[in-house]
Amino acid sequence: MSAAPHPRELLLIGGGGEMTLSVDVAVQALEQARARGLRTHVTNRADTLAATPAVTAAADAATAVDFARPGDTADWAAGRAADGERPALVFGVREMAQEAVAATAHALELPGNPPAAVRRIRTKDACRAALAAAGFRQPAVRVCRDASEARAFLAATAGPWVVKPRDGADSAGVRKVTGPDDLPAALAQLPDREAPFLVEEFVDGREFSVEGVFVGGSPRVLAVTAKEKLPPPYFVEIGHVLPADLPEETRRSVEETVTAALTALELRFGLFHVELWLTAEGIVLGEVHVRIGGGWIHRMLPHVRPGLELYGTVYDDALGLPVDLPASLPAPERAAAARYFAPPEGRVTAVTGWDAVRTHPAVLHAELRVGPGDVVPGFRSGGDRVGAVVVGAATPAEARELARELVASVHFTVEPVEPVDAVDMGDDLPEVRVDLEPRPLTSSFRISHMTIETVDHLRLRLLQGGRTVGEGEITADSGYGQDGPAIAAEAEELARTLAAARDEAHHGADGADPVAPLRAALEKAAADGVGAPARMLVEMAFLDRAARRAGVPVWRLLGLPEPGRVRLLHTVPIGEDIPLDGRPLKIKLGGADDEQILRSLLGVPAPLILDANRGWDRQDWERLRPLLAELAPAVLEDPVRDPALLPAIRAALPGTAVVLDEGIATAGDAAFAVGTAGGLNVKLMRFGGILPALDALTDATEKGAARMLGCFLEPPRAIAYAAQLAGLCDWSDLDGHFWVSDDRPVPSYGLDSDAPGIPRIAYTPEPARGEAPAI
């Protein structure tokens with residue numbers, strides 16, 4: 001009996017990004033493929049697969065392949081095809097993945113856009129040149145490599161101008177300049193200050209975009225969208241209305257210009273989103289994209305054209321199925337509008353009116369990603385949006401007004417995130433206060449040699465005039481020999497000693513290093529035998545105080561790279577179920593069921609980090625070695641009790657980073673880990689804080705060692721403190737606070753890393769169909 005044929009497959013390259021909108025787009029694209037009987041396979045970067053569980057859950061399979069390297073994606077897909085896993089079509093919904101989509105379709109001889117055409121439109125100056133050569137109006141533009149070239153362009157052309165990245169999205173780094181004096185501030189906003197950038201003439205006109213789909217290689221316009229942007233110098237979209245309320249003659253002229261431009265650019269497949277301006281001189285084309293527009297346009301279009309399936313139309317056309325979409329469509333008979341929230345900058349203390357908006361009958365989609373305690377940043381790019389409302393109505397004017405009214409009905413109360421150096425901290429010695437509270441975990445945590453149920457929560461505050469001017473927070477676990485009361489006593493004594501020193505860190509001359517005296521005092525405390533947890537607690541409070549006085553975050557005070565978003569490993573304690581949805585997993589081993597657990601992981605597409613907590617002896621290693629070699633985990637952490645086995649383990653697993661964790665607490669320990677295992681896991685509670693941990697990481701980096709940043713079961717503030725070093729490490733294992741706090745687990749988190757002092761964790765989980773993911 002012959003085997004059943006494999007179902008036809010959609011290969012969705014690039015999956016979805018981490019923003020809610022991008023996840024929603026990807027899930028819709030997958031659902032419309034499944035409705036056509038297509039098997040679906042998603043590729044994305046490993047960290048983004050882990051951060052977008054709703055996308056991987058909607059797909060039949062997921063594989064970590066970096067779309068930023070189009071050739072690698074094409075080679076990977078060609079290898080699958082050679083093994084009989086050939087997709088029926090290749091597609092992508094993300095801007096940054098389109099070159100990989102085109103390269104892969106070309107390699108597999110499947111429908112797609114020519115790779116050269118996609119590269120041309122993805123390079124903004126090349127696209128401008130091609131459109132100008134084809135006779136379309138374009139602003140003058142120059143690729144600049146430094147400020148002097150930009151100033152030369154300003155001198156040779158009439159302003160105003162726009163500075164923007166050569167390759168970017170979401171209006172990030174796009175800024176208007178009116179003269180040379182504005183240039184330094186604009187260049188400072190560029191996402192990559194080392195990369196070439198564009199300076200182009202500012203176009204004065206109303207801005208629109210055209211949305212459509214290719215059928216049989218020809219463009220079909222679905223709608224024209226009116227855009228509303230915040231005032232310059234930034235160019236962030238605050239709202240969209242679809243269809244644009246344009247005279248019929250103007251609408252047809254816009255559609256004809258766009259379709260002619262797409263043909264001239266040799267584009268022929270998928271969806272398109274073309275930006276343009278209506279000026280006194282006529283239509284001026286802007287950026288061209290071969291994906292659907294952002295701003296929830298993918299939800300608005302099916303509302304104004306009932307029955308339309310954006311992605312399904314592409315699939316049907318590529319698979320040779322009939323598509324009922326005339327070359328010229330009438331204007332839609334109903335309308336939709338989207339509008340973004342733009343609350344004032346500051347820390348949110350209250351939000352009112354949201355429930356009424358969320359349940360309004362005309363709302364097609366609504367989301368709000370900030371609440372009390374969150375910090376609202378300045379509105380500089382699409383990435384700064386904190387929520388949106390999408391509505392349907394009978395006419396464009398009604399839709400626009402309703403969206404505005406609903407957004408305006410939500411009121412945000414905020415308080416300034418004041419630079420704490422503006423707070424009067426006075427010259428009086430700070431009062432030191434340490435509090436200790438036993439705290440049960442949200443669930444028990446089992447590793448190879450113990451089960452943890454409760455920790456001691458310690459908080460050290462520096463107070464002046466009853467106000468906190470510096471704060472540290474940790475937890476102590478007796479299972480690791482961490483005695484909460486003893487740590488509290490040590491920390492309080494050390495903090496009082498440092499507070500009495502009145503050193504140059506607080507009262508020195510301008511320009512004095514505020515960290516050096518603290519570092520010296522803590523090194524002396526270590527030499528005097530003060531334990532690492534106490535030193536970490538004190539370091540946190542005094543670095544917090546120094547950073548608040550300077551009006552900068554701690555990472556900037558220490559000259560560290562900005563923390564950015566922290567991708568999390570998902571830690572699975574012994575005895576718990578292992579999720580198999582593509583996220584990077586840290587599996588705790590060292591128990592009786594290790595062989596069974598390892599067998600269950602064979603074929604799992606997620607990056608694997610295996611941590612035996614020194615639970616294996618030589619016999620265990622020999623028994624498990626064949627399975628480990630077959631699994632080829634990304635990281636093997638503390639596998640054995642006997643370090644003499646490490647050379648053999650490294651030789652048997654050449655593609656696996658072996659790191660040591662247990663007992664790695666000093667510079668000498670770190671050097672041993674690097675020398676014997678080739679890697680280390682740094683935990684601040686063992687090293688005594690950021691400063692000694694930073695020294696160990698710097699040395700490990702210079703020696704080319706694998707670096708992991710880890711934690712114990714610690715509160716969110718301590719985790720956020722450690723996360724400032726995440727940019728210096730290969731792996732971040734910083735999810736210990738989910739067992740200590742009531743915070744709902746998420747696959748990644750950011751930090752409010754612009755606020756003075758120690759940053760706080762800012763949760764922005766990617767909800768799936770209105771529900772935040774639980775992990």
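All figures in this text were calculated on a predicted structure; none of them were measured in a lab.
A cation-pi arrangement, defined by a distance under 6.0 Å to the six-membered ring centre and an angle within 45 degrees of its axis, is absent between Arg291 and Phe272.
Once rounded to the nearest 0.5 Å, the distance linking CG of Leu601 with CG of Leu610 reads 7.0 Å. Here the straight-line distance linking atom CZ of Phe91 with atom CG of Leu12 works out to 7.5 Å at 0.5 Å rounding. Note: Ser209 OG to Ile292 CD1 = 8.5 Å, rounded to the nearest 0.5 Å. The distance from atom CG of Leu728 to atom CZ of Arg707, rounded to the nearest 0.5 Å, is 7.0 Å. Here Thr52 contributes atom OG1 and Asn44 contributes atom CG; the two are 6.0 Å apart, rounded to the nearest 0.5 Å. Of the inter-residue distances, the one linking Gln32 atom CD with Leu10 atom CG reads 11.0 Å to the nearest 0.5 angstrom.
Here the side chains of Val55 and Leu30 are in contact, with some heavy-atom distance below 4.5 Å. Residues His298 and Met300 fail the side-chain proximity criterion, which asks for heavy atoms closer than 4.5 Å. In this structure, the side chains of Glu637 and Asn681 come closer than 4.5 Å at one or more pairs of heavy atoms. Counting heavy atoms from C-beta on, the side chains of Arg34 and Arg39 never come closer than 4.5 Å. Ser409 places a side-chain heavy atom less than 4.5 Å from the side chain of Val357. In this structure, Val389 and Val363 have side chains that are in contact, with non-hydrogen atoms separated by less than 4.5 Å. Considering only heavy atoms from C-beta on, Arg86 stays 4.5 Å or farther from Glu9 through its side chain. Under the 4.5 Å side-chain criterion, counting only non-hydrogen atoms from C-beta, Val290 is in contact with Ile121.
Judged as a side chain to side chain donor-acceptor pair (under 3.5 Å), and not counting sequence neighbours, Arg334 has no contacts. For His106, there are no side chain to side chain donor-acceptor pair (under 3.5 Å) partners, not counting sequence neighbours. Asp733 meets the salt bridge (Lys or Arg N to Asp or Glu O under 4.0 Å) test with Lys586; sequence neighbours excluded. Listed by chain and number, the residues in a side chain to side chain donor-acceptor pair (under 3.5 Å) with Arg119 amount to none (sequence neighbours excluded). Applying the side chain to side chain donor-acceptor pair (under 3.5 Å) criterion to Thr313, with sequence neighbours excluded, gives no partner residue.
Heavy atoms only, all atoms of each residue included: Val23 and Ala54 are closest at CG1-CB, 3.9 Å. What you find for Ile597 and Ser600 is that their closest heavy atoms are O-OG, 2.6 Å. Of all heavy-atom pairs between Ala88 and Leu319, the closest is CB-CD2, 4.0 Å. Between Gly15 and Val42 the shortest heavy-atom distance is CA-CG1, 3.7 Å. Nearest heavy-atom pair, Leu631 versus Leu608, reported as atom, atom and distance to 0.1 Å: CD2-CD1, 3.9 Å. The two atoms that bring Ala29 and Tyr315 nearest to each other are O-OH, 2.8 Å, heavy atoms only.
With respect to Thr104, the side-chain contact (heavy atoms from CB on, under 4.5 Å) criterion is satisfied by exactly one of Val65, Val90, Asp75: Val90. Between Thr225 and the choices His240, Glu211, Glu275, the side chain to side chain donor-acceptor pair (under 3.5 Å) rule is met once, by Glu211.
The backbone N or O of Leu568 sits nowhere less than 3.5 Å from a side-chain atom of Asp735 that would complete a donor-acceptor pair. Using a distance-only test at 3.5 Å, with no hydrogens or angles considered, a donor-acceptor pair links the side chain of Thr656 to the main chain of Pro633. Proximity of a side-chain donor or acceptor of Asn113 to a complementary backbone N or O of Leu267 within less than 3.5 Å is not detected. For Tyr311 (side chain) and Glu31 (main-chain N/O), no donor-acceptor pair under 3.5 Å exists by modelled atom type. Judged by distance alone, with hydrogens and angles left aside, the side-chain atoms of Arg347 form no donor-acceptor pair with the main-chain N or O of Val376 at under 3.5 Å. Thr63 contributes no side-chain N or O that, together with a main-chain N or O of Thr43, makes up a donor-acceptor pair within less than 3.5 Å. A side-chain donor-acceptor contact under 3.5 Å links Thr56 to the backbone of Pro53. In this structure, the side chain of Glu367 does not engage the main chain of Thr20 through any donor-acceptor pair within 3.5 Å. Judged by distance alone, with hydrogens and angles left aside, the side-chain atoms of Arg94 form no donor-acceptor pair with the main-chain N or O of Ser22 at under 3.5 Å. The backbone N or O of Glu85 sits nowhere less than 3.5 Å from a side-chain atom of Asp83 that would complete a donor-acceptor pair.
Remark: Arg760 CZ is loosely packed, at most 12 non-hydrogen atoms of other residues, nucleotides or ligands lying under 6.0 Å away.
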(request) Could you go through the side-chain contact (heavy atoms from CB on, under 4.5 Å) check for Thr442 and Phe738 one step at a time? (result) CA-CA 8 Å; Thr442 56; Phe738 297 129; over 6 Å; no

(message) The test is side-chain contact (heavy atoms from CB on, under 4.5 Å); show your working for Trp731 and Leu709 and say whether it passes.
(response) CA-CA 6 Å; Trp731 300 90; Leu709 186 61; over 6 Å; no

(request) Please report the C-alpha distance between His365 and His303 in whole Å, then the side-chain angles of each, then the deciding distance to 0.1 Å, and finally whether the side-chain contact (heavy atoms from CB on, under 4.5 Å) criterion is met. (result) CA-CA 11 Å; His365 174 79; His303 175 77; over 6 Å; no

(request) Please step through side-chain contact (heavy atoms from CB on, under 4.5 Å) for the pair Phe214 and Arg220, ending with a clear verdict. (result) CA-CA 6 Å; Phe214 291 93; Arg220 302 280 197 272; over 6 Å; no

(request) Begin from the C-alpha positions of Glu95 and His289 and carry the test side chain to side chain donor-acceptor pair (under 3.5 Å) through to its verdict. (result) CA-CA 7 Å; Glu95 174 68 25; His289 307 276; 2.9 Å; yes

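One finds no salt bridge joining Arg69 and Glu99 here, because no Lys/Arg side-chain nitrogen approaches an Asp/Glu carboxylate oxygen to under 4.0 Å.
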Which side-chain N or O atoms in residues 712-727 pair as donor and acceptor under 3.5 Å with protein atoms at least two apart or in another chain?
{"unit_1": "Glu714", "atom_1": "OE2", "unit_2": "Phe712", "atom_2": "N", "d": "2.8"}
{"unit_1": "Arg717", "atom_1": "NH2", "unit_2": "Asp544", "atom_2": "OD2", "d": "3.3"}
{"unit_1": "Tyr721", "atom_1": "OH", "unit_2": "Glu539", "atom_2": "OE1", "d": "2.5"}
{"unit_1": "Gln724", "atom_1": "OE1", "unit_2": "Trp555", "atom_2": "N", "d": "3.0"}
{"unit_1": "Gln724", "atom_1": "NE2", "unit_2": "Tyr721", "atom_2": "O", "d": "3.1"}

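Here Trp739 and His737 keep their ring centres 6.0 angstrom or further from each other. For His41 and Trp76, the distance between ring centers is under 6.0 angstrom.
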